[in-house]
Amino acid sequence: MQTRRIRPRTAAAGLGACAALSLFAPLLSPTSATAADAPAELYEGHVQVDRDKADDPKKFTGQVFDDVNENSKLDGDEQGISGVAVSNGVDVVQTDGDGRYELPVRDNMTVSITQPSGWQVPVDEDKVAQFSYNHLPEGSGDLEYGGIEPTGDTPKAVNFPMIESQASAKGEQNCPIASDTQAYDKTEMGYARDGAVGDLADRNDYGACGVLLLGDNVGDDLSLNDELRDIYSQMNGPVRVAPGNHDQDYDAVDDAHALDTFRDQFGPSYFSYDVGKTHFVVLDSIEYEGKANRKKYKEKISQDQLTWLENDLKNVPKNAQVVVATHAPILTHKEVVVDNAKDFYDVISDYPNAVTVGGHTHTQENLVAGETRKEWAAAGIEKLPNTQIVAGAVSGDWYSGGLNADGLPYSFTQDASEPGVLTLEYDGASRSERYTVRNESDDHQLLLGVNSPEWRDWAQKAQEWQDADKEGTAPKEISERVVTREDLKQGETWLTSSFLAGTSDARVEVSFDGKAPKQSEHTQPGKGEALAKGWEYTDPYTASQNLRTSGNVGQSSSHLWRTEIPSNLDLGTHTAEVTGTDRYGRDFTESVRFTVVEDEAAAKTESQKLLRQDGFDAQQKKEVRDPKGLDSEEAQSARND
């Protein structure tokens with residue numbers, strides 16, 4: 001069994017929403033004290049704007065330059081940088097031999113550069129990368145969270161500083177992606193800080209690539225952006241930020257201004273950058289339907305973005321490693337998510353090494369190019385053209401459930417995963433990836449349980465109790481590690497393995513009591529089948545905790561394996577050792593002990609003993625958070641599926 005790594009406890013865990021955020025800084029010390037120093041090539045600076053009148057107000061001009069003295073000013077002895085892509089959100093041009101560029105002016109645009117490999121753009125005091133300028137002459141108008149102040153007429157020049165970086169030129173890169181921090185208040189921001197964000201602060205392996213926040217960074221309340229910046233200011237590399245549906249100005253009239261506050265505080269809503277041999281693209285896959293429709297949106301990539309993406313990729317070799325990151329994933333194991341997925345896939349069709357990464361669904365999935373699914377085919381995607389990764393969530397299942405030994409909500413996701421961060425790993429021209437669970441080592445990849453007829457019966461009753469708003473008496477809690485002799489004889493009692501690193505070409509084997517291992521069945525192999533959904537396709541370890549607390553259980557997973565438990569096991573305690581081998585040949589091993597009892601009466605007695613040992617004493621009052629995130633449309637959809 002893996003030993004849980006306990007983060008130093010702080011009094012901040014579980015801070016109430018009324019707690020002053022001034023408490024955050026000193027409480028970060030247990031993590032920040034052990035964090036590596038920021039890389040020397042990471043420097044603080046800003047984009048230089050010459051506010052004089054433009055020679056031609058319909059043309060946007062400037063230079064990209066080598067900021068040798070790191071003062072964010074184009075000094076007389078500093079050189080321009082040629083061949084850098086600059087965009088107005090549709091057009092993409094490359095700088096000339098002197099680093100100069102010229103672009104058509106659009107009424108509402110963000111001008112940004114694509115950081116080339118071997119260079120590093122400056123960051124602000126919170127480590128947020130600085131590589132863009134907003135042009136909105138009249139400003140956003142009266143938005144609750146500020147939007148963009150009037151920028152006035154076209155400036156004479158906007159110059160983009162960079163410095164040379166040996167680190168960003170290296171082919172070997174680690175690139176963390178932190179999706180759905182989605183804190184609705186300061187308490188939840190504290191949970192993020194002491195969980196997956198703290199893990200990132202402890203790491204020193206991603207300095208050149210930095211951290212990408214993949215949307216739903218806060219939960220509708222954009223005043224929490226300052227707190228978000230504060231907790232991510234501890235990163236040991238640049239921070240880039242993508243928008244999600246909960247990062248919108250929901251009082252904006254239409255989609256054109258729905259991300260004005262985001263653009264003002266973080267940068268463009270879509271952009272690209274190069275690190276090592278990899279081209280990263282960030283797209284906005286949320287189309288806001290307007291103030292009149294009360295926060296409604298579609299998962300869709302705008303035509304302007306698709307045009308920009310085509311133009312952006314013209315500068316990228318066809319055989320390059322490409323990452324396209326979008327808040328709403330293009331698809332999941334359940335369905336095609338983005339409305340115009342086919343149009344998007346057409347744009348990247350010449351890039352076989354492109355991988356798409358999404359968040360939004362608070363699931364953790366790795367779907368391999370070439371897989372087929374009945375639901376995808378019905379939506380016009382006959383075969384998955386590019387690998388799709390869903391990056392899990394910093395918040396897990398919206399910070400739900402009772403508090404664990406670290407003082408953080410369990411927050412098990414509805415697809416049997418845990419809060420964490422995805423890391424894309426590049427070794428020259430090849431890619432691998434890992435999902436690191438909050439406060440755990442990289443080796444923590446298996447969640448094990450026993451799925452028996454008795455457990456499924458309890459789960460159904462518990463779900464009905466949850467669906468009835470917990471009216472009446474809850475069904476008597478049972479442990480998922482107890483099984484009766486009769487259930488074993490009936491068959492269909494499985495040892496389930498939620499293998500977080502698992503893909504359709506991974507392998508899981510189980511050895512019962514030290515005997516020869518058996519190969520497990522992947523419940524969702526991506527071979528044209530329909531969605532495998534039901535209690536028999538559910539991980540009982542995470543589902544049991546959720547059914548006792550939040551009730552959010554999806555009854556399906558892209559990374560669940562199961563092995564039938566031998567029907568002739570003797571009464572008493574048994575051990576199952578599970579080894580998962582991922583597609584890169586990495587082995588992960590965990591063990592679980594379960595007990596075979598004579599009948600249901602014995603099962604109830606043994607369950608109460610195990611529940612007490614596990615900290616789930618039925619007589620003990622458990623703290624359960626009722627996260628606002630569960631009111632979101634995507635969460636309600638997940639619960640209803």
Side-chain angles (χ1 to χ4, degrees), residues 4-36 38 125-128 176-204 206 210-219 221-237 239 241 244 246-247 265-266 359 362 391-401 403-411 418-423 436-440 623 625 627-629:
R4 175 176 288 273
R5 177 172 65 84
I6 303 298
R7 177 175 302 284
R9 296 294 298 278
T10 74
L15 277 174
C18 61
L21 201 74
S22 59
L23 294 176
F24 271 35
L27 290 174
L28 277 164
S29 56
T31 296
S32 58
T34 60
E125 65 276 11
D126 295 321
K127 308 280 180 65
V128 176
I177 297 178
S179 189
D180 295 86
T181 304
Q182 203 164 346
Y184 283 81
D185 53 39
K186 293 177 183 178
T187 300
E188 293 181 346
M189 200 67 77
Y191 290 147
R193 177 207 57 214
D194 292 344
V197 180
D199 292 344
L200 284 170
D202 286 344
R203 289 171 51 180
N204 61 2
Y206 58 84
V211 177
L212 173 62
L213 308 189
L214 196 51
D216 281 4
N217 308 299
V218 297
D221 181 358
L222 305 189
S223 70
L224 290 170
N225 283 345
D226 285 343
E227 285 75 16
L228 181 87
R229 279 175 158 271
D230 186 62
I231 66 172
Y232 281 102
S233 69
Q234 303 300 307
M235 300 301 95
N236 295 306
V239 176
V241 189
H246 289 288
D247 301 312
Q265 297 184 10
F266 296 111
H362 295 244
V394 169
S395 60
D397 194 59
W398 293 274
Y399 305 104
S400 63
L403 301 181
N404 66 14
D406 294 344
L408 304 175
Y410 284 99
S411 210
E418 299 182 81
V421 168
L422 171 73
T423 300
T436 304
V437 170
R438 170 197 67 191
N439 294 175
E440 298 282 1
E623 181 173 349
R625 289 186 54 74
K628 301 178 183 67

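Computed from a prediction, not measured in an experiment: that's the story for all the values here.
- In this structure, the side chain of D221 engages the main chain of S223 through a donor-acceptor pair within 3.5 Å.
- The CE atom of M189 lies 9.5 Å from the CG atom of D226; values are rounded to the nearest 0.5 Å.
- Within the 3.5 Å criterion, the main-chain N or O of Y410 finds no donor-acceptor partner in the side chain of N404.
- L408 approaches G195 most closely through the heavy-atom pair CD1-CA, 4.0 Å.
- Taking all atoms of both residues into account, the shortest heavy-atom contact from H362 to G396 is ND1-O, 2.7 Å.
- Atom CG of residue L224 and atom CD1 of residue I231 lie 10.0 Å apart, to the nearest 0.5 angstrom.
- Contact check for V218 versus Q182: no side-chain heavy atoms found under the 4.5 Å cut-off.
- No hydrogens or angles considered: a donor-acceptor pair under 3.5 Å links the side chains of Y232 and T181.
- When only modelled atom types and interatomic distance are considered, T423 and R203 share a side-chain donor-acceptor pair under 3.5 Å.
- For N217 and D247, the side-chain atoms include at least one donor-acceptor pair closer than 3.5 Å.
- Looking at D180 and V394, their side chains never come closer than 4.5 Å, going by heavy atoms from C-beta outward.
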For this session: Evaluate the criterion side chain to side chain contact (heavy atoms under 4.5 Å, CB included) for residue pair L228 and L213; output intermediate values, then yes/no.
Result: CA-CA 10 Å; L228 181 87; L213 308 189; 4.2 Å; yes
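- Atom CG in N439 sits 5.0 Å away from atom CG in D199 (nearest 0.5 Å).
- In this structure, the side chain of S411 engages the main chain of S395 through a donor-acceptor pair within 3.5 Å.
- Side-chain atoms of N236 do not come within 3.5 Å of backbone N or O of D202 as any donor-acceptor pair.
- Between H246 and Y184, the angle of the ring planes goes over 60°, which puts this pair in the perpendicular group of the 30/60° scheme.
- No donor-acceptor pair under 3.5 Å is formed between the side chain of S179 and the backbone N or O of A391.
- Panel note: side chain D126, backbone V128; no donor-acceptor pair is recorded below 3.5 Å.
- Nearest heavy atom pair, residue A196 against residue R438, reads N-CG, 3.6 Å.
- Among all heavy-atom pairs drawn from P409 and S400, the shortest one is CB-O, 3.4 Å.
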For this session: Any chance you could lay out the side chain to side chain contact (heavy atoms under 4.5 Å, CB included) test for Y191 and L403, step after step, and finish with the verdict?
Result: CA-CA 10 Å; Y191 290 147; L403 301 181; 3.8 Å; yes
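- Judged by distance alone, with hydrogens and angles left aside, the side-chain atoms of K127 form a donor-acceptor pair with the main-chain N or O of M235 at under 3.5 Å.
- Counting only heavy atoms from C-beta outward, the side chains of Q234 and V197 never approach each other to under 4.5 Å.
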For this session: Carefully, step by step, assess V421 and I177 under the rule side chain to side chain contact (heavy atoms under 4.5 Å, CB included).
Result: CA-CA 6 Å; V421 168; I177 297 178; 5.8 Å; no
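- Taking F266 as the reference, F262 meet the ring-ring contact (aromatic ring centres under 6.0 Å, His included) condition, with sequence neighbours excluded.
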